[in-house]
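Working notes, beginning with the structure itself.
Each chain gets a letter, A, B and so on, in the order its sequence line appears, and its residues count up from 1. This is a predicted model, so every value here is computed, not measured.
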Amino acid sequence: MLRIATSRFGALELAAEEIWNFPQGLIGLEGHRAWALLGDAAGEDLAWLQATSHPELALPVVSPRRFVRDFRLRVAPSELVPLRLGRWEDALVLVIVGRTAEGVTLNLKAPVILNPAARLGRQVVAGGDQPLRHGLTHAEPTRRAA
Amino acid sequence: MLVLSRQRDESIMIGDNIVITIVDIRGDKVRLGINAPTEIPVHRQEVYEAIQRENLRSAQLDPKDVQTLGRVRPGGRGRDQDG
């Protein structure tokens with residue numbers, strides 16, 4: 001077991017197989033290679049990427065398909081080679097959550113791709129015109145088209 | 001900064017495993033071909049810096065900042081705020 005300290009969630013004990021190795025870190029955070037994926041107690045949709053060696057370093061993440069109906073990821077195949085994915089279907093895709101004055105946003109430009117079998121992760125840059133801050137519409141009373 | 005002159009189809013090498021080739025020159029636009037090991041990330045600098053800023057902003061968030069996610073309509077079509 002690995003005992004890690006976190007500023008948001010207190011002290012945690014993780015099994016070695018719960019640690020994800022990001023050989024290149026995250027973009028702009030290249031020095032942080034070991035991350036844990038923690039479920040958020042408040043909502044099953046939300047998880048946190050927690051750096052195992054820096055208690056205060058954690059980023060909220062969600063599955064984009066849960067929130068963005070027309071989400072399609074375009075990534076150059078060469079970006080995925082270091083993940084050693086057998087099949088693209090085995091990949092787990094997450095996006096990092098942000099926040100502006102208007103509300104919660106999703107970073108669709110730079111998703112995090114995980115290979116669960118190898119416990120490998122990598123943040124990639126999506127092709128096409130994906131936004132860094134995709135704003136989410138908040139729940140409204142359901143309106144049905146006539 | 002090291003400055004080298006190159007013509008179309010000429011290359012420079014960085015170390016023994018990164019080759020950057022001038023593919024095309026049109027006006028003030030240069031197209032580069034980059035051959036590098038897949039484990040070396042290659043980014044447009046302004047894109048890299050924008051993603052780094054966004055990552056660092058997200059790393060400042062606390063659970064209470066994103067609790068409204070529970071009220072977000074799953075599968076909804078959002079609005080882009082990049083301008």
d(Asp65(B) CG, Arg99(A) CZ) to nearest 0.5 Å is 6.0 Å

Below 4.5 Å from any heavy atom of chain B, which atoms of Glu30(A) appear? Answer side chain, backbone, both or neither. side chain

To the nearest 0.5 angstrom, please state how far the OG atom of Ser7(A) sits from the CG atom of Asp62(B). 7.0 Å

If one checks every heavy atom of Val61(A) against chain B at 4.5 Å, the contacting part turns out to be neither

Look at Leu59(A), Leu26(A), Val125(A) and state which one has the largest set of heavy-atom pairs under 4.5 Å with chain B. Leu59(A)

Other residues, nucleotides, ligands: >12 heavy atoms within 6.0 Å of Arg72(A) CZ: no

Where on Ile27(A) is there a heavy atom nearer than 4.5 Å to chain B: the side chain, the backbone, both, or neither? both

Chain A heavy atoms under 4.5 Å from Glu54(B): which part of the residue, side chain, backbone, both or neither? side chain

Does a sphere of radius 6.0 Å around CD in Glu13(A) hold more than 12 heavy atoms from other residues, nucleotides or ligands, not counting ones at 6.0 Å or beyond? yes

Check whether Ile22(B) and Ile18(B) end up in the same hydrophobic cluster, where Ile, Leu, Val, Met, Phe, Trp and Tyr are linked by side-chain heavy atoms less than 4.5 Å apart. yes

Are more than 12 heavy atoms from other residues, nucleotides or ligands located less than 6.0 Å from atom CZ of Arg6(B)? yes

Where on Val42(B) is there a heavy atom nearer than 4.5 Å to chain A: the side chain, the backbone, both, or neither? neither

Looking at every non-hydrogen atom in both residues, tell me the closest pair between Pro63(B) and Phe9(A) and how far apart they are. CG-CE2, 4.0 Å

So which part of Phe71(A) gets closer than 4.5 Å to some heavy atom of chain B, the side chain, the backbone, both or neither? neither

Gln24(A) side chain vs Glu39(B) backbone, donor-acceptor pair below 3.5 Å: yes

Pair Ile51(B), Gln123(A) - check side chain to side chain contact (heavy atoms under 4.5 Å, CB included), show working. CA-CA 10 Å; Ile51(B) 293 169; Gln123(A) 187 175 24; 3.9 Å; yes

Is it true that Ile19(A) and Val112(A) fall in one hydrophobic cluster, defined by side-chain heavy atoms closer than 4.5 Å? no

Check for me, please, whether Val124(A) and Leu49(A) land in the same ILVMFWY cluster - side-chain distances under 4.5 Å, paths through other members count. no

From Thr38(B) atom OG1 to Arg122(A) atom CZ, the distance as rounded to the nearest 0.5 Å: 7.0 Å

Gln60(B) versus chain A, heavy atoms under 4.5 Å apart: side chain, backbone, both or neither? backbone

Linking I/L/V/M/F/W/Y whenever their side-chain heavy atoms sit closer than 4.5 Å, directly or via other members, would Leu94(A) and Leu14(A) fall into one cluster? no

Report the distance from atom CG of Leu61(B) to atom CZ of Arg8(A), rounding to the nearest 0.5 Å. 7.5 Å

How many angstroms lie between atom CG of Leu106(A) and atom CG of Leu69(B), to the nearest 0.5 angstrom? 7.0 Å

Val75(A), Leu83(A): one ILVMFWY side-chain cluster at the under-4.5 Å cut-off? yes

Between Ser58(B) (side chain) and Val97(A) (backbone), is there a donor-acceptor pair under 3.5 Å? yes

